[in-house]
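Here's the structure, in C-alpha cells; my notes come after.
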Amino acid sequence: MDSKFLKPYDPASTEGRIYEAWEKSGYFNPDNLPADLLAQTEGKTFTIVMPPPNANGNLHAGHALFVTLQDIITRFKRMRGYRALWIPGADHAGFETQVVYEKQLEKEGRSRFGMDPKALYEEILAFTLANKANMVGQIRALGASCDWSREKFTLDPDLVKKTQETFVKMFGDGLVYRGARTVNWCPKHQTSLSDVETESVEESTPFYTFKYGPFEIGTVRPETKFGDKYVVMHPDDKRYSKWKHGDTLEVEWINGPITATVIKDNAADMEFGTGVMTITPWHSQIDFEIAKRHSLPMEQIIDWRGKLLPIAQEFAGVSIKDARAKIVEKLAAKGLLVKTDETYKNVVKKCYKCSAMIEPQVKDQWFVKMAPLASMAVTAVNKGDVRFIPEYEEKIFRHWMEDTHDWNISRQIVWGIPIPAWHKDGEWKASVERPGEGWTQDGDTFDTWFSSGQWPLLVTGYPNGKDAGYYPTDLMETGRDILFFWVARMIIFGLYLADSVPFPTVYLHGLVNDANGKKMSKSKGNVINPLTLTDMYGTDALRMALVVGNTPGTDLALREDKVKGYKHFANKLWNIARFVLENVGDADVNGTLTEADAKLEKELADVVASATANIEGYRVYLAAESIYHYVWDRFAAEILEESKPILGTHDAPSSFPADVVASRKSLLMRNLTTCLKLLHPFMPFVTEEIWASLSSSKNPLIIEKWPT
RNA sequence: GCGCGGUUAGCUCAGUUGGUAGAGCAUCUCAUUGACGUUGAGAGGGUCACAGGUUCGAAUCCUGUAUCGCGCACCA
C-alpha cells in the first residue's frame with residue numbers, strides 16, 4: 001500500500017498536481033482521446049459551451065456551480081466515449097465592465113468623461129485581461145476539464161469581425177434598422193440600455209391633478225410638462241364630446257399662457273383619473289406613440305444629464321430631482337393645483353447596475369426587429385427543438401418571447417465592439433470595412449449580448465471553422481437569471497444564422513445564496529468566495545456541496561457545514577481505499593465470485609444503472625446522492641465491516657474457505673474500482689489520486705470507461 | 001395588471017411516471033486504542049400550508065383559498 005494513505009486525504013497537496021497532469025495529458029481536448037474509449041460511441045461528439053464569465057472580477061459561487069455541473073457532465077460523457085468538448089471563454093461584458101471600471105476611476109478621483117476614448121479603451125482592456133488571467137486560474141482550481149486550447153474571448157479579432165458581419169447581414173435583411181425612438185437612457189452612465197437592462201420598481205409617487213384650461217389632467221411627472229401643448233382624451237369619452245379633435249384653446253400653464261390642441265386617441269383611458277392627459281412625447285414611450293400617430297412635433301425637455309433645458313425658462317438647468325417640488329409649488333401658487341394623491345403607486349424604471357432613474361429619451365439608435373426572430377424562436381420551442389430544464393421555464397420563455405419589443409443594440413460607451421455602420425450625407429451603410437471616402441463610422445458599440453448571443457456559433461467557428469462540426473452543441477447550462485439576456489438571444493441567432501437551435505437542451509440553475517438563503521451581495525457582506533471554501537475543505541467537497549440536493553431552477557443555500565460534510569466524505573473514501581489496498585492489494589480482479597459476492601456486485605451494478613440514467617437525464621443531484629449513500633452507508637458501513645472476519649486480521653485469522661476469501665478480495669477491489677469511476681465526475685481530484693495507487697490502473701481515471 | 005414558482009423534521013432541502021414520508025446538519029443516548037473520531041450503533045422529531053374533488057390508494061393529479069418569493073409590464 002502507498003504510504004500516502006497513512007495520513008488523511010490532503011486536497012491542498014493533491015489538486016494542483018493532479019490538474020497539471022490532466023492538462024499535460026491533453027485529454028481535455030477530444031482530439032487526443034484514445035480510440036478504444038471513443039469506440040463506445042463510434043466517436044460521437046458531446047459539446048458544452050461554457051457561459052463566458054465576465055472578465056471584470058473574481059469568480060463567485062455561481063461560477064463555481066456552473067463549472068461543477070458542466071464539468072460533471074463533460075467528464076461523464078468523456079468516460080462514456082464521447083468526443084467530449086467543453087469550450088471555455090470569457091466575455092468583455094461591455095456595459096458591466098465599463099461600470100466596474102468607472103467605479104474604480106471614481107475612487108481615483110477620475111472620470112471617463114473627458115478622457116480620450118482610445119486611452120480609456122486601452123485602460124479597460126488591460127484591466128480586463130488581468131482579470132481574465134486571474135479568472136482562468138480560478139476555473140482551473142475548480143477542476144474544470146475544459147479544452148483550454150480552444151479558449152475564446154469575445155474581443156478576439158476574428159470573433160469581432162464575425163459579430164460585425166452578423167450586423168451587416170441583418171442590415172441587408174432588414175432586421176436591423178436605425179431610428180429615432182424612445183430609449184432607456186441612464187443619466188449616470190450616459191448610455192442607452194435595452195429593456196432587459198432596466199428594472200421596474202414600484203414606488204409611491206404623488207399623483208397630481210392640475211387645471212389645464214377647462215380640463216383637469218393627472219400626472220406623476222410635473223417636471224416634464226413644460227412642452228405639453230396637446231391634450232388627449234378618448235374619442236368615445238362622452239364627458240368631453242363637445243371637444244373635437246384638432247380644436248385649439250388658450251390655457252394658462254407653468255410659464256404663462258400657451259395654445260393647446262385637443263387630440264382624440266384610444267390610448268387615453270377613460271377609467272383613469274379624469275380621462276384627460278397632456279403628453280410629453282420626448283420623455284415617455286406611450287406619449288411618443290400617440291405623437292407619432294398624429295404627426296405631432298416632439299421637443300426635448302430634459303437633457304442627457306437629467307437637467308431641464310431652456311424651454312423650462314426659469315427652471316432651466318435644474319435637475320429633475322429638484323424640479324418637481326418647485327414646479328408643483330409654482331402651479332399651486334397660480335391656483336392650478338387641484339389635488340395631490342399621496343397614496344398613488346407607479347412603476348419606475350431603473351438602471352439595473354446603478355439604480356439611477358431611467359430617463360426615456362428619443363434618440364437615433366440601432367434596433368433589432370424582434371417580431372420575426374422571436375416568432376422563429378417560439379416555433380422552435382413549440383416543435384420541441386429546445387427543451388428546458390426545469391420544464392416550467394419554457395412557459396416563462398414563451399411569455400417573454402411573445403411580447404418582446406425591438407432590441408436597442410447601440411451603446412454610448414467605448415468598451416465594446418464598434419458598430420460597423422457608416423454614414424455620409426444622411427445615408428447609412430453597414431459594412432465591416434469603411435465603404436469609401438467620406439464615410440464616418442457610428443461611434444457607438446454593441447450591446448454586449450449582441451456578441452455573446454452568437455457565442456455558440458462564434459466559438460465553434462460556424463460555418464467554416466475547424467470545429468464547426470461541434471455545432472449545434474448538446475447542452476446549454478447557465479443561470480436562470482440570464483434566460484432573456486442570453487439564452488433567448490442565442491436561440492434567435494442560432495436560428496437566424498445557422499437555421500438551427502444552438503442546443504437541444506437548456507438547463508437552468510438557480511442562484512447560490514448564503515447559508516440563510518439570502519442573496520449574496522457585497523453591501524450585505526455575505527458573499528462567499530468559492531476559493532476560500534476549496535482552500536479549507538478541498539475542491540471535491542465544494543463540488544459535492546453545490547450539487548447534492550440542488551435541483552434545477554431552485555436557489556441553493558450554500559452552507560459551510562455541508563461543504564465540511566463532503567470533506568469528511570472525501571476522507572471516508574480515502575480510508576476505504578486504504579482499507580482495501582491494505583487487505584486486498586494482491587487480489588485477482590478477474591477472480592471468480594461466490595454467489596453471495598456476485599449478488600453484491602449486482603447490487604452496485606444497479607446503483608450504476610440508476611446513476612447513469614440520472615446523469616443522462618441531467619438529474620445530477622440524484623446521481624450524486626445515490627452514489628454517496630452507496631459508498632458510505634452500504635460499501636463502507638456494511639460490506640467492508642462484513643468483510644473483516646472473512647479477510648481475517650493478525651489477531652484473528654480468517655476461518656473462511658480460501659475460495660470465499662479470494663472471492664471477497666476480488667469483489668472489494670472491483671467495487672472500489674467501480675466506485676472511483678462513479679465518483680470521478682463529481683469528485684475528480686480525490687478519485688484520480690486514489691486511482692493512481694491501484695495496481696490495475698494503467699490510464700488516468702479521466703479516460704477510464706464508465707462502468708456498466 | 002399578466003405570468004411562473006415555493007409552502008414537507010429545529011435549520012437547509014430531496015421525494016424522477018400516485019402505492020402506508022427521506023437526506024444532511026442540529027439534538028439526545030451509547031460504544032470505541034478497530035481503514036477512518038473527519039468514527040460507529042441507536043433515538044426523538046412531520047395531521048407533507050389549508051379546504052374540497054378524482055382514485056382502491058394523493059406530499060404527488062384537479063379546483064379553490066392563504067402566504068412567501070421571482071419574472072414581465074408604455075395606464076398618464
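Small disclaimer: the values here were computed from a predicted structure and weren't measured. In what follows, chains are A, B, ... by sequence order, proteins preceding strands, each numbered from 1.
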Starting from C1' on A73(B), measure out to CD on Glu402(A) and report it in whole angstrom.
15 Å
Under a 3.5 Å limit for both distances, which nucleotide forms a Watson-Crick or G-U wobble pair with G45(B), could you say?
none
Result for 5'-nearest mapping on RNA chain B, choosing between Phe569(A) and Val548(A), is Val548(A)
Could you measure between the two P atoms, the one in G19(B) and the one in G57(B), and give it in whole Å?
14 Å
Check for me whether the distance between the ring centres of Trp282(A) and Phe288(A) falls short of 6.0 Å.
no
Centre of Phe367(A)'s six-membered ring, under 6.0 Å away, within 45 degrees of the axis: is that where NZ or CZ of Arg181(A) sits?
yes
What contact category does Gly510(A) fall into here, base, sugar-phosphate, or nothing, at under 4.0 angstrom with non-hydrogen atoms?
nothing
Rounded to whole Å, the CZ-P distance (Arg324(A) to A76(B)) equals 12 Å
Name the nucleic acid region contacted by Glu641(A), choosing base, sugar-phosphate or nothing; use a 4.0 angstrom heavy-atom cut-off, strictly under.
base
Base, sugar-phosphate, or nothing for Tyr621(A), non-hydrogen atoms under 4.0 angstrom?
sugar-phosphate
Whole angstrom value for the distance that separates P of C36(B) from CH2 of Trp574(A):
14 Å
Have a look at His405(A) and say if it touches a base, only the backbone sugar-phosphate, or nothing, with a 4.0 Å heavy-atom cut-off.
base
C4(B) base to Lys395(A) side chain: any donor-acceptor pair below 3.5 Å?
no
Using OP1 and OP2 only, check whether a side-chain N or O of Lys518(A) sits under 4.0 Å from G69(B).
no
Report which part of the nucleic acid Arg619(A) touches: base, sugar-phosphate, or nothing (heavy-atom distance under 4.0 Å, all strands).
base
Is it true that Arg664(A) and Ser643(A) share a donor-acceptor pair across their side chains at a distance under 3.5 Å?
yes
For a quick check under 3.5 Å, do Asn184(A) and Thr198(A) share a side-chain donor-acceptor pair by atom type?
no
Classify the ring geometry of Phe569(A) against Trp632(A): parallel below 30°, tilted from 30° to 60°, perpendicular beyond 60°.
parallel
Considering every strand and a 4.0 Å limit on heavy-atom distances, what is the contact class for Thr280(A): base, sugar-phosphate, or nothing?
nothing
Check against side-chain hydrogen bond (donor to acceptor under 3.5 Å, both in side chains), Asp265(A) and His234(A):
CA-CA 5 Å; Asp265(A) 193 283; His234(A) 198 280; over 6 Å; no
Within the structure, does a side-chain N or O atom of His568(A) lie under 4.0 Å from either OP1 or OP2 of U39(B)?
yes
Please classify the nucleic acid contact of Gly549(A) as base, sugar-phosphate, or nothing, using heavy-atom distances under 4.0 Å.
sugar-phosphate
G-U wobble or Watson-Crick pairing nucleotide for U60(B) (cut-off 3.5 Å, both distances):
none
Counting any heavy atom closer than 4.0 Å, what does Ile396(A) reach on the DNA or RNA strands: base, sugar-phosphate only, or nothing?
sugar-phosphate
Measure NZ/Lys7(A) against C1'/C36(B) and give the value in whole Å, please.
16 Å
Nucleotide paired to U55(B) in any strand shown, Watson-Crick or G-U, under 3.5 Å
none
Classify the nucleic acid contact of Lys519(A) as base, sugar-phosphate or nothing, counting any heavy atom under 4.0 Å across all strands shown.
nothing
Going by purine N1 to pyrimidine N3 plus the second Watson-Crick contact, or the G-U wobble pair, all under 3.5 Å, which nucleotide sits opposite U7(B)?
A66(B)
At less than 4.0 Å, is any side-chain N or O atom of Trp632(A) found next to OP1 or OP2 of U38(B)? Yes or no.
no
Here the distance between atom P of G24(B) and atom NZ of Lys562(A), to the nearest Å, is 12 Å
Mapping Phe579(A) and Asp633(A) to their closest nucleotides on RNA chain B, which lands nearer the 5' end?
Asp633(A)
Donor-acceptor under 3.5 Å (Ser284(A) side chain, Asp287(A) main chain)
yes
Counterpart base for C30(B), defined by Watson-Crick or G-U wobble contacts under 3.5 Å
G40(B)
What's Asp561(A) touching, base or sugar-phosphate or nothing? Going by heavy atoms closer than 4.0 Å.
sugar-phosphate
Touch check for Lys564(A), heavy atoms < 4.0 angstrom, all strands: base, sugar-phosphate only, or nothing?
nothing
Regarding Thr554(A), tell me which of base, sugar-phosphate or nothing describes its non-hydrogen contacts under 4.0 Å with the strands shown.
sugar-phosphate
Just to be sure I understand the rule, does Ser284(A) reach a base, reach only the sugar-phosphate, or reach nothing, if contact means heavy atoms closer than 4.0 Å?
nothing
A14(B) OP1/OP2 closer than 4.0 Å to side-chain N/O of Thr551(A):
yes
What does Asn614(A) touch in the nucleic acid at a heavy-atom separation under 4.0 angstrom: a base, only the sugar-phosphate, or nothing?
base
Using ring centroids (six-membered ring only for Trp), state whether Trp253(A) and Phe226(A) fall under 6.0 Å.
no
C74(B) -> Watson-Crick or G-U wobble partner, both distances under 3.5 Å, gives none
Identify the nucleotide, in any strand shown, that forms a Watson-Crick or G-U wobble pair with U12(B), with both distances under 3.5 Å; if there is none, say none.
A23(B)
Side-chain N,O (Tyr344(A)) to OP1/OP2 (A76(B)) below 4.0 Å
yes
